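Written out below as structure tokens is the structure these notes cover.
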Amino acid sequence: LERRRFPVKELRALASARSGGKTVSFSGESVAVREATAESLSGVDIALFSAGASRSHALAPAVLASGGVVVDNSSAFRMRPDVPLVVPEINAHAMAKHGGIIANPNCAAIILTVAIHPLRQLAGLERIVVSTYQSASGAGARAMEELVEQTRGHLAGNEPAPEVFKWPLAFNLFSHNTDIQENGYNGEENKVIEETRKILEMPKLGVAVTCVRVATLRAHCESVWLEFDRPVSEHDARSVLSTAPGVILQDDRANNHFPMPREASGQDAVFVGRIRRDLHNPNALQLFCAGDQLLKGAALNAVQIAELVTAAR
Ligand SMILES: NC(=O)c1ccc[n+]([C@@H]2O[C@H](COP(=O)([O-])OP(=O)(O)OC[C@H]3O[C@@H](n4cnc5c(N)ncnc54)[C@H](OP(=O)(O)O)[C@@H]3O)[C@@H](O)[C@H]2O)c1
């Protein structure tokens, strides 16, 4: 909010009761953190929710009752037909009609759709196959701390037992930590499938996805195979991606320099590269992308939505 000079008249910093007494700094001022309750939310114009789905369900009515808008970062409302699921570079038009709640999509779905949406200018998209490489911070602040402590402990020979994740993440990777659901996909994979279809407004798009947690701290990567309804050249793909909003084309074959989490961390754009054609299917291309899931995959996207809400008032 501060970096983008969002027109804030009053900022309320809300968390759980555990954070009572803490402060956050905003525009040179120290703001006391208060408990998120119906009372502390009363009268707000825009509420940016990011405390999990159950909190969103519990607290949204208080914001709506006083005429405010909720931009929700949890999965609570994303697939509700009356709630727009918005990535501003792609479907800002979906915000024309909303009932006070606008959902911020899943982080892996945002990074994926920002990378592939520009390619839809070139040909009809038929099917995508995605594998993700998701960092510890996607599971929250405690998961980042766990990876750091575990890495230190592993090297020193006194590795602590994992608490946030079921398995050790240091020097490891594993199938995404969300539960496997009835269709054999885990919760994260089903979010990527359903939310990608909703954001792209392609309810029948074929999406096959494997979500994996890897031992990086920040930024998610994705390996993406795309099939179109006709051939798309590498040259044309690079050309549209080089000017696409929210994308940085990073496709330097000579130096083997392609998207990676450490370079994507702290950046607003989604980095896209390794663009190459499928050697056996003339209608298919492959690419690799990296995006900071705490920024474009969460906070930045939410603030961009809030900017659109403010502009429409
Ligand atoms: N991490 C990501 O990359 C990412 C990306 C997209 C969406 N999300 C979504 O964002 C939400 C938060 O995830 P996170 O990764 O930021 O988790 P986190 O680092 O664990 O932070 C959770 C936040 O929620 C607050 N909170 C917890 N219980 C609360 C309660 N009962 N009342 C009020 N506030 C409460 C916490 O406050 P205290 O410090 O006081 O406990 C903390 O500020 C989740 O819905 C997640 O799915 C996360």
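All values reported here derive from a predicted model rather than from experimental measurement.
- Linking ILVMFWY residues whenever their side-chain heavy atoms come closer than 4.5 Å, directly or via other members, leaves Leu173 and Phe165 in distinct clusters.
- Residues Val71 and Val114 are members of separate hydrophobic clusters, defined by side-chain heavy-atom contacts under 4.5 angstrom among Ile, Leu, Val, Met, Phe, Trp and Tyr.
- The closest side-chain donor-acceptor pair between Gln304 and Lys296 falls under 3.5 angstrom.
- Summarising the geometry, atom CG belonging to Leu119 is positioned 6.5 Å from atom CG belonging to Leu287; distances are rounded to the nearest 0.5 Å.
- With hydrogens and angles disregarded, no donor-acceptor distance shorter than 3.5 Å links the side chain of Gln293 to the backbone of Cys107.
- Side-chain contact between Phe77 and His57: present, with at least one pair of heavy atoms (C-beta onward) separated by less than 4.5 Å.
- A donor-acceptor pair under 3.5 Å is absent between the side-chain atoms of Ser137 and the main chain of Gly140, judged by distance alone.
- For the residue pair Val270 and Ala115, the shortest heavy atom distance occurs at CG1-CB, 4.4 Å.
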Does Lys191 form a salt bridge (charged side-chain N to carboxylate O under 4.0 Å, His left out) with Glu189? I'd like the steps, not just the answer. CA-CA 5 Å; Lys191 284 179 194 169; Glu189 290 164 349; over 6 Å; no
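- Contact check for Ile305 versus Met95: side-chain heavy atoms found under the 4.5 Å cut-off.
- Once rounded to the nearest 0.5 Å, the distance linking CZ of Arg213 with CG of Asn177 reads 4.5 Å.
- Taking CZ of Arg127 as the reference point, atom CG of Asn281 lies at 8.5 Å (rounded to 0.5 Å).
- Both Met144 and Phe174 are members of a single hydrophobic cluster when ILVMFWY side chains are connected at heavy-atom separations under 4.5 Å.
- Judged by distance alone, with hydrogens and angles left aside, the side-chain atoms of Arg78 form a donor-acceptor pair with the main-chain N or O of Asn104 at under 3.5 Å.
- Side-chain contact between Val130 and Ser223 is absent, with no heavy atoms from C-beta onward closer than 4.5 Å.
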I'd like to know whether Phe26 forms a side-chain contact (heavy atoms from CB on, under 4.5 Å) with Leu1, so could you lay out the CA-CA distance, the side-chain angles of the two residues, the decisive distance to 0.1 Å, and finally the verdict. CA-CA 9 Å; Phe26 182 73; Leu1 290 169; 3.8 Å; yes
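- At a threshold of 4.5 Å between non-hydrogen side-chain atoms, the residues Phe271 and Leu249 do not count as touching.
- Side-chain contact, Ser239 with Ser242: no donor N or O sits under 3.5 Å from an acceptor N or O.
- Surrounding CD of Glu29 are at most 12 heavy atoms belonging to other residues, nucleotides or ligands under 6.0 Å away.
- Taking all atoms of both residues into account, the shortest heavy-atom contact from Ser16 to Glu35 is C-CG, 4.2 Å.
- No donor-acceptor pair under 3.5 Å is formed between the side chain of Thr216 and the backbone N or O of Arg218.
- Put simply, the side chain of Asn255 never gets that close to the backbone of His257: no donor and acceptor are under 3.5 Å apart.
- For Glu222 and Gln134, the side-chain atoms include no donor-acceptor pair closer than 3.5 Å.
- Between Ile111 and Cys289, the closest heavy-atom pair is CG2-SG, 4.0 Å.
- Judged purely by atom type and a 3.5 angstrom limit, Thr310 uses its side chain to pair as donor or acceptor with the backbone of Ala306.
- The minimum heavy-atom distance between Gln250 and Pro259, with the atom names listed, is OE1-CA, 3.0 Å.
- Panel note: side chain Thr23, backbone Val31; no donor-acceptor pair is recorded below 3.5 Å.
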Mind running side-chain contact (heavy atoms from CB on, under 4.5 Å) on Val272 and Phe288 for me, showing each step along the way? CA-CA 6 Å; Val272 184; Phe288 192 79; over 6 Å; no
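- Residues Glu307 and Arg4 are paired through a salt bridge, judged by an N-O separation under 4.0 Å between the basic side chain and the carboxylate.
- For the residue pair Ser56 and Asp72, a side-chain donor N or O sits within less than 3.5 Å of a side-chain acceptor on the partner.
- Counting only distance, with no hydrogens or angles, the side chain of Thr196 and the backbone of Ile193 share no donor-acceptor pair below 3.5 Å.
- Other residues, nucleotides and ligands place more than 12 heavy atoms under 6.0 Å from the CZ atom of Arg313.
- With a 4.5 Å cut-off on side-chain heavy atoms, Leu169 and Trp167 do not count as touching.
- Under the 4.5 Å side-chain heavy-atom criterion for ILVMFWY residues, a single connected hydrophobic cluster contains both Val232 and Val240.
- Between the side chains of Glu201 and His93, at least one donor N or O sits under 3.5 Å from an acceptor N or O.
- At least one side-chain heavy atom of Ser40 sits under 4.5 Å from a side-chain heavy atom of Leu14.
- Ser75 contributes atom OG, which lies 12.0 Å from atom CG of Asn190 (distance to the nearest 0.5 angstrom).
- By the 4.0 Å N-to-carboxylate-O rule, Arg197 lies too far from Glu195 to be salt-bridged with it.
- A salt bridge links Glu234 with Arg253: the closest approach of a Lys/Arg side-chain nitrogen to an acidic carboxylate oxygen falls below 4.0 angstrom.
- Put simply, CG on Asp82 and NZ on Lys97 are 9.0 Å apart, with the number rounded to the nearest 0.5 Å.
- Screening Thr113, Ile199, Leu200 for a side chain to side chain contact (heavy atoms under 4.5 Å, CB included) with Asn91, the sole residue that qualifies is Ile199.
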Under the side-chain contact (heavy atoms from CB on, under 4.5 Å) rule, what do Val70 and Ile102 come out as? Steps first, then yes or no, please. CA-CA 6 Å; Val70 174; Ile102 298 159; over 6 Å; no
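- In this model, no donor atom of one side chain and acceptor atom of the other lie less than 3.5 Å apart for Asn283 and Glu227.
- Around atom CZ of Arg276, more than 12 heavy atoms belonging to other residues, nucleotides or ligands sit under 6.0 Å away.
- When side chains are defined from C-beta on, Asn73 does not count as touching Phe49, because their heavy atoms never get closer than 4.5 Å.
- Looking only at distances, no side-chain donor or acceptor of Asn301 sits under 3.5 Å from a matching main-chain atom of Gly297.
- A ring-centre distance under 6.0 Å is not found for Tyr133 and His220.
- Across all non-hydrogen atoms, the minimal contact from Gly246 to Glu89 is CA-OE2, 4.1 Å.
- Between the side chains of Trp225 and Asp278, at least one donor-acceptor pair of N or O atoms lies under 3.5 Å.
- With Glu146 contributing its side chain and Glu163 its backbone, the two residues share a donor-acceptor pair below 3.5 Å.
- In this structure, Leu48 is not a member of the same hydrophobic cluster as Leu294, with clusters built from ILVMFWY side-chain heavy atoms closer than 4.5 Å.
- Distance CG/Leu112 to CD1/Ile110: 11.0 Å, rounded to 0.5 Å.
- With a 4.5 Å cut-off on side-chain heavy atoms, Thr210 and Tyr185 do not count as touching.
- Between the side chains of His235 and Arg238, no donor N or O sits under 3.5 Å from an acceptor N or O.
- Among all heavy-atom pairs drawn from Ala92 and Val86, the shortest one is CA-CG1, 4.3 Å.
- For the pair Arg274 and Phe258, the distance from NZ or CZ to the six-membered ring centre is under 6.0 Å and the angle to the ring normal is within 45 degrees.
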Working note: Asn186 + Asp179, criterion side-chain contact (heavy atoms from CB on, under 4.5 Å); need CA distance, chi angles, decisive distance, verdict. CA-CA 5 Å; Asn186 61 44; Asp179 291 339; over 6 Å; no
